[in-house]
Amino acid sequence: MPIPVIVWWVGSAIGGALVGAAITYFWDSIREWASRMLDYILNGINQAVEVTSQAIVSLIKNGDSIFKLIKVYVMDRNRNVRVESRRENINKNDVPEDILAQLDAQMNDQLDLYKYDT
């Protein structure tokens with residue numbers, strides 16, 4: 001025999017009242033716990049925050065090979081600075097002729113093409 005709808009309503013009302021009473025009784029403890037957890041989360045985020053400089057992009061020719069070098073300076077909240085860099089080989093056919101002429105003229109020197117904010 002199915003349980004009548006009125007029994008569900010009364011049971012839900014009693015259950016809701018019990019949950020509400022428990023929350024009211026433990027409200028100070030719940031608020032203290034939530035505040036403590038929020039502090040842990042915010043401290044974790046603050047330790048992970050880093051600031052980056054402008055990215056410096058250079059084309060470098062070394063013998064017959066050409067590569068792109070990207071450097072970014074990174075500082076953390078403790079003011080420790082490190083350099084993040086990435087080097088990619090470039091196909092000689094992908095380099096514009098005027099840039100290739102500059103690279104040939106400077107051979108093993110770096111050529112800063114542009115700087116842009118990250």
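Note: hydrogens, waters and symmetry copies are ignored here, and every other heavy atom, side chains too, is used.
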To the closest 0.5 Å, what do you measure between CG (Leu69) and CZ (Arg87)? 7.5 Å

Between the main-chain N or O of Arg31 and the side-chain N or O of Ser35, is there a donor-acceptor pair closer than 3.5 Å? no

Count I, L, V, M, F, W, Y as connected when their side-chain heavy atoms are under 4.5 Å apart, and connections chain through other members. Are Val19 and Trp27 then in the same cluster? yes

Linking I/L/V/M/F/W/Y whenever any side-chain heavy atoms sit under 4.5 Å apart, do Leu38 and Trp33 land together? no

Using side chain to side chain donor-acceptor pair (under 3.5 Å) as the criterion, list what pairs up with Arg86, not counting sequence neighbours. Glu88

Please say yes or no: joined through hydrophobic side-chain contacts below 4.5 Å, possibly via intermediate residues, are Trp9 and Val7 part of one cluster? yes

Flag the pair Ile56 / Tyr73 as yes when at least one side-chain heavy-atom distance between them is below 4.5 Å, and no otherwise. yes

For residues Met75 and Asn80, determine if any side-chain heavy atom of one lies less than 4.5 Å from a side-chain heavy atom of the other. no

Taking Ile66 as the fixed residue, which of Asn91, Val95, Ile60, Ile99 is the one that meets the side chain to side chain contact (heavy atoms under 4.5 Å, CB included) rule? Val95

Counting N and O atoms only, with roles assigned by atom type, does the side chain of Asp94 sit under 3.5 Å from a partner on the main chain of Ile90, one being a donor and the other an acceptor? no

Identify whether Val10 and Leu18 are in the same connected component of the hydrophobic contact network (ILVMFWY, side-chain heavy atoms under 4.5 Å). yes

